[in-house]
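Structure first, then comments.
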Number of protein chains: 2
Amino acid sequence: MTLAARPDAASTAARDDGRVPTPDSAALRAHTAIRAAILDGSHRPGEMLSENELAQRLGMSRTPVRSALTRLQDEGWITIYPKRGALVRRLSDREIAELADARLILEAMGVQRASTEVRRALADRLEPQLNAQREALLARDLDGFVTLTIAFHRSFVEAAGNAVLAEIADRLTDRQRLLLSAHRETLFERVEETIAEHRALVERLRADDPAGFAEALRGHLMDTHGPELGPV
Amino acid sequence: MTLAARPDAASTAARDDGRVPTPDSAALRAHTAIRAAILDGSHRPGEMLSENELAQRLGMSRTPVRSALTRLQDEGWITIYPKRGALVRRLSDREIAELADARLILEAMGVQRASTEVRRALADRLEPQLNAQREALLARDLDGFVTLTIAFHRSFVEAAGNAVLAEIADRLTDRQRLLLSAHRETLFERVEETIAEHRALVERLRADDPAGFAEALRGHLMDTHGPELGPV
DNA sequence: CATCGCACGCTTGGATACAAGTTGTATCCT
DNA sequence: AGGATACAACTTGTATCCAAGCGTGCGATG
């Protein structure tokens, strides 16, 4: 399958054939807006979301809001209690650890499945990105770093050439975003350690050492950031 | 996290405290009904689903049907083309292979992550189920066998004790169900082979040999059923 | 005869109206 | 005073209504 475009990725822009696509539906706008509000802390875990309130604030009716909420539930952001409301989920320590562990598995397996050539090529491609990562961290540009590190880690999964896996990993990463924002200070305090760990991962790629890569990745997760954050 | 109950798993039944829970919403009924209709072949890949028609047939309005359709899209069953309709997806050969491969990874990793004790206990638990699997196949009881084999394979993922992973695997399995129905004849022709392969998996568990398990699982996928079906 | 344009009918997307369920509160009885 | 009960306000769930987009087919036109 071709990697399904994330629904929110759709945006209103002229296509190459000149035709203007259908504008983003209100349901999509609601989805992105609510998700963003959860991510930036406007809606905190434990908070109850009201369809009416959201609809009013977003300038639309309850219908698209409802649609967005059910999707957010499927994606693990909220829990809908019938006839009572939607609760912003709080990730338990266990779930946080499991999310990180699951992504670890997918990334390690992606590298293991790749061929030697792919691993080498990946190392060549990723190595120059390390500096940009450091710059972003030093500039305390959280969004910039998050974008970079997500792409960095995604490369490992992609190496397996399995789009289904890649999409699963994307969803996991998406849910972990919340944690990155929450631990921004920790992140900015460990710039060199983080970059060094990333560099070690690239080195294991270049050395064509998948087992060592998996080990380094586990260390990147467990030793440095603790189970409450996961690999960045 | 506790393993999130699949939405369809909810059903109207008296709870132990005697209270009658909220009856299943129309949206849930629509979701299960349409999904079942796709699974049993009533709606074939390439077919266009009409909200009006579905609503009429299910005896409800278009609103819950729409809700169900968007969810089915998120789960990979259909593709919704804005303002045009919902198309039942056809799994490409590549996607089928990727689904099987992804599940393979999760199951092999689940067993690898488990402790020796868990592997042994799992072998003890699964071994007696093999006969029931054979009986179901011999009786040409597809539903019965599918239930058994899904539980069988699920056990491997569960062994890792990671609920997030287990849920991901469930979703993959769900999408693969369609293939099991499509290949029922092949399935019934290879009864002893299938059981023997399952038995081999149990043996690798008992021998505390995760690597051999992974190898056997790969064979279960590639050699016997070919990439178009995946491990059963 | 081929092609372009346009209008019509069908579809979905969203808004509004209405029904039904849940929770909290006030009231009444013991 | 404590507890059960009735009620009221608010919530979500569903139906209906309206608007807008897309495809189709007919007809005019070159």
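Throughout, a chain's letter reflects where its sequence line sits, starting with A, and its residues are numbered from 1.
- In this structure, the side chains of E51(A) and L69(A) come closer than 4.5 Å at one or more pairs of heavy atoms.
- Here dA20(D) is the nucleotide among dT12(D), dG14(C), dA20(D) with the atom lying nearest to any side-chain atom of K83(B).
- No engagement by L69(A) is indicated, since no non-hydrogen atom pair under 4.0 Å with the nucleic acid exists.
- Side chain of E98(A) to backbone of A163(B): a donor-acceptor contact under 3.5 angstrom is found.
- A donor-acceptor distance shorter than 3.5 angstrom exists from the side chain of S155(A) to the backbone of A151(A), with no hydrogens or angles considered.
- When distances are taken from the side chain of E51(B) to each of dT12(C), dT12(D), dG14(C), the shortest belongs to dT12(C).
- Between the side chains of Q129(A) and H198(A), no donor-acceptor pair is found at a separation under 3.5 Å.
- Comparing dT23(C), dT14(D), dG14(C) by their nearest atom to the side chain of A27(A) picks out dG14(C).
- dG21(D) atom C1' lies 15 Å from atom CG of D24(A), rounded to whole Å.
- S50(A) comes within contact range of the sugar-phosphate backbone alone, with a heavy-atom separation under 4.0 Å but no base atom that close.
- Between S61(B) and Y81(A), the residue whose closest nucleotide on DNA chain D is further toward the 5' end is Y81(A).
- Closest to the side chain of P64(A), from the set dA15(C), dA15(D), dT12(D), is dA15(C).
- The CG atom of L54(B) sits 12 Å away from the P atom of dT11(C) (whole-angstrom rounding).
- The distance from atom CZ of R66(A) to atom P of dG13(C) is 16 Å, rounded to the nearest whole Å.
- In this structure, the CG atom of L28(B) is 17 Å from the P atom of dT12(D), given to the nearest Å.
- Using a 4.0 Å heavy-atom cutoff across all strands shown, A86(A) reaches no nucleic acid atom at all.
- Distance CZ (R84(A)) to C1' (dA9(D)): 16 Å, rounded to an integer number of Å.
- Looking at the side chain of S25(A), the nearest of the listed nucleotides dG13(C), dT12(C), dG13(D) is dG13(C).
- A donor-acceptor contact under 3.5 Å links the side chain of R62(B) to the base of dG13(C).
- Of the N and O atoms on the side chains of N52(B) and S50(B), not one donor lies less than 3.5 Å from an acceptor on the other residue.
- With rounding to whole Å, I80(A) atom CD1 is found 12 Å from dT14(D) atom P.
- Distance, N52(A) CG to dT16(C) P: 12 Å, rounded to whole Å.
- Looking at the side chain of T63(A), the nearest of the listed nucleotides dC22(D), dG13(C), dT16(C) is dT16(C).
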